[in-house]
Amino acid sequence: MSTHGEEDLLNTNYLKAGTGVKSWLLTLDHKRIGVMYLVSIIMAFFLGGVFALLLRLELLAPGRTIMTAAQYNRAFTLHGAIMVFLFIIPSIPAALGNFIIPVMLGAKDVAFPKLNLLSFYIYVIGTIFALFSIISGAVDTGWTFYTPYSTSTNSSVVSMTMAAFILGFSSILTGLNFMVTVHKLRAPGLHWRRLPLFIWGMYATSIIQVLATPVLAITLFLLAMARVFGLGIFDASLGGDPVLFQHFFWFYSHPAVYIMIVPGMAVVSELIATFSRRAIFGYFAIAMSSLGLALVGFLVWAHHMFTAGISEFAAMLFSALTFLVAIPSGVKVFNWTATLYKGSIWLTTPMLYAIAFLIQFTIGGLTGLFLGTLATDIHLHDTYFVVAHFHYVMMGSTVMAFLGGLLYWWPKIAGKMYDETIAKVSFALVFIGFNATFLVQFIMGSRGMPRRYYDYLPEFRPYHAFSTVGSWILGLGFIVYAYVLIKSLRSGPKAPPNPWGSAGFEWASESPPVLANFREVPTITRGPYDYHLTTDEELFDGFPEDAPKKA
Amino acid sequence: MNHEPTVQMPGQWSTFAPNVDFIFYFIYWMSVILFVGIIGAALYFVWKYQRKPGVKAEPTGHNLPLEVGWTVAPVFFLALLFHWGFRGYVDLTVAPANAMEIRVRARKWSWDFEYPNGAHETNNLHVPVNRPVRLVLSSDDVIHSFYVPAFRAKRDAVPGMYSMMWFQATHEGTTNFFCAEYCGAAETAARGEHGEEVFSGHFSMIGHVVVENDATFAAHLEAINGPPTINGVVATPAQWGAQLYRSSQCYTCHSVDGAPGTGPTWQHMAGHPVTLTDGTTVDVDANYIRESILNPQAKIVRGFQPVMPTYRGSLNDRQIDALIAYMQSLQ
Ligand SMILES: [Cu+2]
């Protein structure tokens, strides 16, 4: 019963449908909510990044360089907590996912648009708690909040745990919303076997978010109770058990590693398919391995605790299960590599990020073998080797996928193109800077440098200095990346609907999409990677000049 | 066995170091091969199949044997790693019955070692070479972790429970141990011997493991119970106390020149009255000092937090007397 005016609104560019601050803050449009998330997480990334650069600067030389030990402890805690809870967990799902999922599915919006806006505001409230904690003395527990340190330090723990507690609800609601959306709002013809791998990945992530995050909430709640009311559950002197906290914490936080990496894998699957112009090899295996990771990821938490005094039997079990997770990850890497074979590879910046992902994820994964193997883990646990390992997975993989994904979908989000040349410069800086920062940390770690050290023995100085210089290159790379986005917003040429000539469904929408995403409900007649069923002319839809130059 | 560090690993100073390193290098070389294989292939494809005008991508087919192959093949490799890893782990955790036992007590931010003869030492662990040594760890406050890279051994010290680790050193000399589990830091810096800023915290819970032959080890245990000799002369109690002030880490919280710190300064402390949190005033005499060291929570000085660890068991009577003499000399 819609009037003519509403119809018109639904068919206007989402950026123009409504103006003014209120039209953004109260919007129910998944695209605008995605953009608001995007802005928020970029700010969080900036803040976490500043802490990272400060940490590396402090470690440039032994002894005091720029801060005290207590300040250092706060800085690394905030770096970790901000990057994990405020940036990386919401990064791909809440920002890119929110924008892209409904468009990919041919839906008008997510299943519960109001819940979606609520998730965003819960995120904002959580962020306010985190900022409050930072200005009221900050936390020095590490992002892991291990007891009894966290119950005894006099830093501002309760407000930071409340922040993570609240942020968790945002994550749960987003996951729930996406699950229902995938089940209920697929366009006609989009059956499960045609589902884009990005959707499969986000679906698997949503399952983990919904199932694991409540455990974190309960754990942090118990921690806050222990601090405020002296609840003895983690306190040995009251009959509690400090190691129990670690079990609870990792029961969430190990699956959370998959909340962080599976979306990265999901993005990379799209990038590789589009820029090789070929269906992903072993589509079904990749889709199922995302679900596999989501499930097995729940069964390995105690591999963070091999030196914590768990029984030999438990150590054996968790080591074995950990090796099991290596298989789906390995399968994905093999599949992506095989996809490149006999493709038609277009080296755009997003594709370069996908290749960087492949390289760094392989390093991150293989170094995980040293940590899953019990005998070597005892030596490497809590050293820089672990720091390097998880940065290769979180930053070297997920963040690379995010950077690549953001540029890939940028024409859709902003409606404008970005400057490829400068983007490639920023890629080169990020790639070199990242590897310079973290590759040496493996050596430092296996040589015995423990993590979370404010000061260190002189023998580690060359490695630390090298790593710090790497962090400057990396920082510069991000500044150039930001410049690319800003330049595009200010003066980028208008983007065609499908600048990459992708067969993916989201590219059938306009750039930027209209408020309702499509002018009429699309009917899906082929898979998202069926390049052999389409022609360049069709894909580059009206803008054949963007197609690769014909001979 | 290689006692010198290599690029990737510290020197091998214990019986299990060579085995751990063997597994480490096995995984390392397997990883190098896999990495070069996978990434080499990927980069080659990227170069070889760059988009060219008129050349289309070949549609993706299916290759079931290949897919099954690369899913199943890693299983064997992983099972081998698991097996070696677990066997090595059992070696690392199960100590021989005849091992010498040393009690290790961790606290913010120092380690106390108690030898079988009752002698105590802070941040310095002496062990006999070629003999199994079992450490029984506990913590007085938060979780710490005792880590000797050269031995490839590590174990958490958790409050409220004992944990064990063991090793058999194979090489005489001095190597480092570290605290591997984050345990905080002091908010303010203390003053070092030359007045420099000294921060203490997780990163300063490090020290030396001295591996020596049986005779030297036995002589060392005898020596640590009595006063040290300074330049060939037996130290006076106050001199000994001054040394304990540093070696027992009192300096990380207490200054001796009136500077503020986590605990009250020792300057003009002994023999003067002090106000406690409950408002009462007591004289800082030898008995009070003794109580403050052995049972620090009994009386808390106004304006300070009850964070001082107890030294009951880790300082003997003669050492406490020496510390008192030293405090009395700080007028
Ligand atoms: Cu410690």
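Letters go in sequence order (proteins before strands), and every chain restarts at 1.
Aromatic rings from Tyr182(B) and Tyr146(A) are positioned such that their centres are separated by 6.0 Å or more. Aromatic rings from His381(A) and Phe306(A) are positioned such that their centres are separated by 6.0 Å or more.
Trp13(B) places a side-chain N or O within donor-acceptor distance of the main-chain N or O of His3(B), the cut-off being under 3.5 Å.
The most heavy-atom pairs under 4.5 Å with chain A, out of Pro159(B), Ser204(B), Gly201(B), come from Pro159(B). Interface remark: of the candidates Thr339(A), Asp530(A), Ile327(A), Ile327(A) forms the most heavy-atom pairs closer than 4.5 Å to chain B. The most heavy-atom pairs under 4.5 Å with chain B, out of Thr367(A), Ile443(A), Ile359(A), come from Ile359(A). The candidate from Thr144(A), Thr153(A), Leu380(A) with the greatest count of non-hydrogen atom pairs under 4.5 Å with chain B is Leu380(A).
Using a 4.5 Å cut-off between heavy atoms, Val55(B) touches chain A through its backbone atoms (N, CA, C, O) alone. For a residue to count as touching a neighbouring chain, one of its non-hydrogen atoms must lie under 4.5 Å from one of that chain's; by this rule Phe35(B) touches chain A with backbone and side chain alike. Heavy-atom distances place the backbone of Ser276(A), and not its side chain, under 4.5 Å from chain B. With a threshold of 4.5 angstrom between heavy atoms, Asn176(B) approaches chain A through side-chain atoms but not through N, CA, C or O. For Glu67(B), the part lying under 4.5 angstrom from a heavy atom of chain A is the side chain only. Looking at Met161(B), the atoms closer than 4.5 Å to chain A (heavy atoms on both sides) all sit in the side chain, from C-beta outward. Residue Leu137(B): no heavy atom, backbone or side chain, is found under 4.5 Å from chain A. The parts of Pro10(B) that come within reach of chain A are both its backbone and its side chain, each placing non-hydrogen atoms under 4.5 angstrom from that chain. Neither the backbone nor the side chain of Ser163(B) comes within less than 4.5 Å of any heavy atom of chain A. When heavy atoms are compared at a cutoff of 4.5 Å, Phe151(B) does not approach chain A at all. For Gln71(A), no part lies under 4.5 angstrom from a heavy atom of chain B. At a 4.5 Å heavy-atom cutoff, the contact between Lys108(B) and chain A is made by side-chain atoms alone. Proximity to chain A (any heavy atom under 4.5 Å) is shown, for Ala150(B), by neither the backbone nor the side chain. Interface remark: Ile355(A) contributes side-chain atoms only to the contact with chain B (heavy atom separation under 4.5 Å). Looking at Thr6(B), the atoms closer than 4.5 Å to chain A (heavy atoms on both sides) all sit in the backbone: N, CA, C or O. For Phe178(B), the parts lying near chain A are the backbone and the side chain together; criterion is any non-hydrogen pair under 4.5 Å. For Leu64(B), no part sits under 4.5 Å from any heavy atom of chain A, backbone or side chain.
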Trace of the side-chain contact (heavy atoms from CB on, under 4.5 Å) decision for Leu135(B) with Met164(B): CA-CA 6 Å; Leu135(B) 303 183; Met164(B) 324 284 165; over 6 Å; no
Ring pair (Phe, Tyr, Trp, His ring centres under 6.0 Å) assessment of Tyr392(A) paired with Phe361(A): CA-CA 6 Å; Tyr392(A) 263 84; Phe361(A) 181 69; over 10 Å; no
Chi angles and distances behind the ring pair (Phe, Tyr, Trp, His ring centres under 6.0 Å) call for Tyr384(A), Phe442(A): CA-CA 6 Å; Tyr384(A) 265 78; Phe442(A) 284 117; over 10 Å; no
Counting only pairs under 3.5 Å, give me each side-chain donor-acceptor contact of residues 76-94 of chain B, with atom names and distances, residues two or more places apart or in other chains.
from, atom 1, to, atom 2, distance (Å)
Thr93(B), OG1, Tyr89(B), O, 2.8
Thr93(B), OG1, Val90(B), O, 3.3

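With Phe146(B) as the aromatic partner, Arg155(B) does not meet the cation-pi criteria of under 6.0 angstrom to the ring centre and within 45 degrees of the ring axis. Judged by a 6.0 Å distance limit and a 45° cone about the ring axis, Arg51(B) is positioned over the six-membered ring of Trp346(A).
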